[in-house]
Amino acid sequence: MADTKASSTGDRRTVRVGVFIPTDCQLLDAASVDIMGSMSYECMSLSRLRKREPHMSMLDKIVPKAVIDLAPSVQIHYIGSVQAGQHIKLTSSEWIVATNHYGDAEVAPGQLDVVLVPGPDPFNKNEQGALDWLLAQGSTPGVDILSVCTGILVCGQAGLLKGRTACGPRALQDLIGAQGFGEKELVGDKYRWIQDGNFWSSGGVTNGNDLVVAYCRASPHFPNPIVEITCEAIDVGDRAQEYGSELTWPEKVAKLVAETSAA
């Protein structure tokens with residue numbers, strides 16, 4: 001597990017997060033990392049870090065300094081199959097500049113606490129080296145893997161689904177099951193997210209927000225007051241883990257198609 005103390009912040013814990021995008025990904029999937037970023041000391045104490053008056057920050061007016069001081073420092077790496085400084089393609093004509101290639105020592109197994117895998121085009125091919133890196137991360141004690149949407153396919157190709165219970169998008173349960181990843185059970189038709197050991201996986205796209213919130217609530221990296229204050233501030237974390245009695249995605253599509261045809 002990475003050393004979670006940063007010399008620049010004294011005894012403040014530093015949570016090192018890697019967003020792993022070996023080919024491309026959905027912008028909304030990757031954006032779920034901003035929930036962890038919003039729980040950081042850097043975000044919660046912006047007014048102080050920018051040397052403004054403390055009372056200028058909205059949080060400073062509501063949350064005592066002693067509570068804000070509980071927040072960890074959060075260091076986020078954007079990791080791809082391209083070199084640092086090169087661009088990684090996202091949806092909606094967006095790009096992210098890679099901070100690291102997966103082979104960089106800075107993001108080697110043992111240097112990160114969390115690896116978030118946002119969903120790519122499900123038919124992409126991934127470099128074997130990238131898959132080996134992801135498997136090594138998931139096999140390192142103290143490292144948690146968070147798979148969002150079709151990120152489950154990248155994780156499956158890496159060998160992380162063997163013997164595990166996992167989610168993945170509701171509409172792709174059959175596709176995932178047909179890949180021969182060796183999972184114990186797929187529960188993405190029932191749950192927004194599921195945890196199996198150090199492997200967390202979500203359903204499609206914005207279910208990644210629910211996954212990240214659930215992870216932060218369970219993780220020792222993020223103190224509970226910081227998690228709940230952040231969730232209230234950015235309005236996430238209030239959906240149930242189970243979908244409930246609502247229609248499944250295929251059922252909703254069929255209903256919409258029928259309504260459109262009847263119009």
Side-chain angles (χ1 to χ4, degrees), residues 1-2 15-23 25-26 29 32-33 36 79 81 102 107-205 207-221 240-243 248-249:
M1 182 175 178
V15 183
R16 296 179 172 88
V17 180
V19 181
F20 184 49
I21 313 173
T23 53
C25 79
Q26 177 88 33
D29 292 10
S32 61
V33 76
M36 285 186 277
I79 306 163
S81 299
Y102 64 78
V107 295
Q111 298 304 309
L112 298 172
D113 299 297
V114 183
V115 177
L116 177 77
V117 187
D121 179 329
F123 301 105
N124 280 349
K125 301 296 183 183
N126 296 288
E127 294 181 3
Q128 188 59 49
L131 298 175
D132 292 344
W133 178 89
L134 183 57
L135 178 60
Q137 292 286 351
S139 302
T140 300
V143 178
D144 296 309
I145 307 296
L146 277 56
S147 169
V148 179
C149 193
T150 54
I152 197 81
L153 295 169
V154 182
C155 294
Q157 291 168 23
L160 289 173
L161 266 62
K162 290 180 180 177
R164 294 185 186 272
T165 300
C167 267
R170 284 190 288 181
L172 299 182
Q173 295 294 285
D174 290 343
L175 173 66
I176 299 166
Q179 302 306 306
F181 292 146
E183 68 278 355
K184 178 181 178 181
E185 183 181 10
L186 290 174
V187 295
D189 58 339
K190 184 178 181 180
Y191 296 113
R192 297 185 188 280
W193 59 269
I194 199 76
Q195 175 196 3
D196 189 331
N198 70 329
F199 183 72
W200 298 65
S201 57
S202 82
V205 194
N207 289 297
N209 292 342
D210 303 282
L211 169 74
V212 171
V213 169
Y215 172 76
C216 292
R217 282 173 169 155
S219 171
H221 297 314
Q241 180 182 9
E242 190 169 353
Y243 287 117
T248 66
W249 188 82

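One-based numbering along the sequence shown.
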Between T23 and K125, what is the shortest heavy-atom contact and its length? CG2-O, 3.5 Å

Counting N and O atoms only, with roles assigned by atom type, does the side chain of S201 sit under 3.5 Å from a partner on the main chain of G168, one being a donor and the other an acceptor? no

Can a side-chain donor-acceptor contact be found between R192 and N209 if the only test is distance below 3.5 angstrom? no

Side chain to side chain contact (heavy atoms under 4.5 Å, CB included) for S32 and L211? Distances and angles first, verdict last. CA-CA 9 Å; S32 61; L211 169 74; over 6 Å; no

Hey, are the side chains of T140 and Q111 touching, using non-hydrogen atoms and a 4.5 Å cut-off? no

If I compare all heavy atoms of D196 with all of R164, which pair ends up nearest, and what's the gap? O-NH1, 2.7 Å

Give a yes or no on whether the backbone of Y215 and the side-chain of S219 come within a donor-acceptor separation of less than 3.5 Å. no

Nearest atoms (heavy-atom pairs only) where M36 meets C216: CG-SG, 3.6 Å

What is the distance from atom CZ of F181 to atom NZ of K162, rounded to the nearest 0.5 Å? 11.0 Å

CG/L112 to CG/D144 distance, rounded to the nearest 0.5 angstrom? 11.5 Å

Which atom of P118 lies closest to which atom of D29, heavy atoms considered: CB-CB, 3.5 Å

Solution key, residues 145-160 side-chain donor-acceptor pairs under 3.5 Å, sequence neighbours excluded:
from: S147; atom 1: OG; to: I152; atom 2: N; distance (Å): 2.9
from: T150; atom 1: OG1; to: P120; atom 2: O; distance (Å): 2.6
from: Q157; atom 1: OE1; to: N126; atom 2: ND2; distance (Å): 2.8

Looking at D113 and R16, would you say the former's side chain and the latter's main chain have a donor-acceptor pair under 3.5 Å? yes

Where do T165 and K184 come nearest, in terms of heavy atoms and distance? OG1-CD, 4.0 Å

Spell out, as yes or no, whether a donor-acceptor pair under 3.5 Å connects the side chain of N207 to the backbone of W193. no

Over all heavy atoms of both residues, which pair between E183 and I176 is shortest? Give the atoms and the distance, please. OE2-O, 4.4 Å

With rounding to the nearest 0.5 Å, note down the distance linking OH in Y191 to CG in D210. 14.5 Å

Output yes when a side-chain donor or acceptor of Q173 lies under 3.5 Å from a complementary backbone atom of C167, and no otherwise. yes

Do W133 and V115 touch side chain to side chain, with heavy atoms closer than 4.5 Å? yes

With a 4.5 Å limit on heavy-atom distance, are the side chains of Q137 and F20 in contact? no

Are side-chain heavy atoms of F199 and L161 found at a separation under 4.5 Å? yes

Does Q241 reach the side chain of I194, with side-chain heavy atoms less than 4.5 Å apart? yes

